[in-house]
Peer 1: 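Quick one: the structure is below, and I'll ask about it shortly.
Remember, it's 1-based here, ligands and their atoms both numbered in the order they're listed. For clarity, every value in this text was computed on a predicted model and none was experimentally measured.
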Amino acid sequence: MTNFPAGFLWGAATAPHQIEGNNVNSDWWVREQQMPGMELSGDACDSYHRYREDMQLLADAGLTSYRFGLEWARIEPLPGRFSKAELAHYRRMIDTCRELGLEPVITLQHFTTPNWFAEQGGWSSPDALEIFTRFVREACGILQDVEWVATMNEPNMQAAIMTAMQRMSQQQDATWQSPTVDTEQSDEDRKRSSRNFLASADPAIGRRFVEIHHAARDVVRELTGAKVGWTIAAGALTAQPGGEARMLEIRYGKEDVFWEGSRGDDWVGVQAYSSQEVDADGLVPHPDRPDNTLVGTAYRPDALEMAVRHAWDVTGGVPVVVTENGIATSDDEQRIRYTDEALQGLQRAMQDGIDVRGYLHWSLLDNFEWGHWEPTFGLVAVDRETFERTPKPSLAWLGAVAVRNELG
Ligand code: IFM
């Protein structure tokens, strides 16, 4: 089989905070100003104003779908106060997609929240479910005819961040009582513990996300005809000898709680970039290799096939959309090679009967990678002074795959 099924979604993905610019009511905007060493999102790619140009690039290349997010912090800048103008803005984006022949895939929450929500405890707040579903209900007012809706992006990474923050504050409390500093720690240990910062997630936090997702899913089903799911970051973890139990433990809290939470959804978003080993002490740092990516991860296009097979197993056969896959590189030939190999693996999984509905590359644009501008994931380069877009050869390459609906 070289063909992908008819109607297969071919496109690229973005997130509001990473491309729109001036997301001033969001928690991330505030965090960027406070955290030393973080670059600022600022005007980002000014996609808030230039979205038509961005969509046009996708459509002109031959792609058929665009995944983008609604920015909750813009739509609900104060608790319970919804902006009709911002909702109308996102409705215009949906209409523009359709006009250009692109199927919109909408994310309702992609890492950012309104800052007021974060200040009152964010996802840990007892009211989080009610507050989020109130937003989802309002957002559904512009989504009646949208076919693909994700409630949240990578709740498992959000849970990993929350787990790490909890651990840090517990450690600070302990240090306060007994201020000892581990001067014996070697560079290798330090490297490992910094890599392990987001290595695990408390399953109890995951289960709360699942509850919130199910409540949001019910609202989307009640108010729209959309197929609803959420998108999960897949680690494609493997165990070194002796690391099997630790690998299962990490994967359970960080992924499987969420894949299990997808059962009963219409689809699940698989997001895979690299693969990593686990030993008895936890995640093993990616080996230093010349083809490592700009975010320090290993070049592993096979991660996508591994992730899709794992998602299919744990969800018990929920249809998959690849909602993110890509590589942070300044070498566009490496991006094409990576994507080609990833798609070959995806096709092998599909030949074995896994129901995959689409492939959305991360990302359309070189964008704000959560505190950093250097890692370039885009099919299109963006001049950050003039906002001029320059398509890379990889955009035309992926567009040609989409037009043929098969790999070359
Ligand atoms: O940029 C992120 C995106 O927001 C979520 N998934 C991973 C991407 C690359 O790190």
Peer 1: At less than 4.0 angstrom from any atom of ligand 1, which residues have a non-hydrogen atom? List them by chain and residue number.
Peer 2: Gln18, His110, Phe111, Asn153, Glu154, Tyr273, Glu324, Trp362, Glu369, Trp370, Phe377
Peer 1: Cut-off 3.5 Å, side chains only: do Asp54 and Ser47 have a donor facing an acceptor?
Peer 2: yes
Peer 1: Is it the case that Asn153 and Gln271 place a side-chain donor and acceptor less than 3.5 Å from each other?
Peer 2: yes
Peer 1: Between Trp28 and Phe111, does the ring centroid distance fall short of 6.0 Å?
Peer 2: no
Peer 1: When the ring centroid of Trp362 is compared with that of Tyr273, is the distance short of 6.0 Å?
Peer 2: no
Peer 1: Give every donor-acceptor pair under 3.5 Å between a side-chain atom in residues 393-402 and any protein atom, sequence neighbours left out.
Peer 2:
{"unit_1": "Ser394", "atom_1": "OG", "unit_2": "Asp332", "atom_2": "OD1", "d": "2.8"}
{"unit_1": "Ser394", "atom_1": "OG", "unit_2": "Asp332", "atom_2": "OD2", "d": "3.2"}

Peer 1: For the residue pair Trp10 and Phe4, is the inter-centroid distance of their aromatic rings smaller than 6.0 Å?
Peer 2: yes
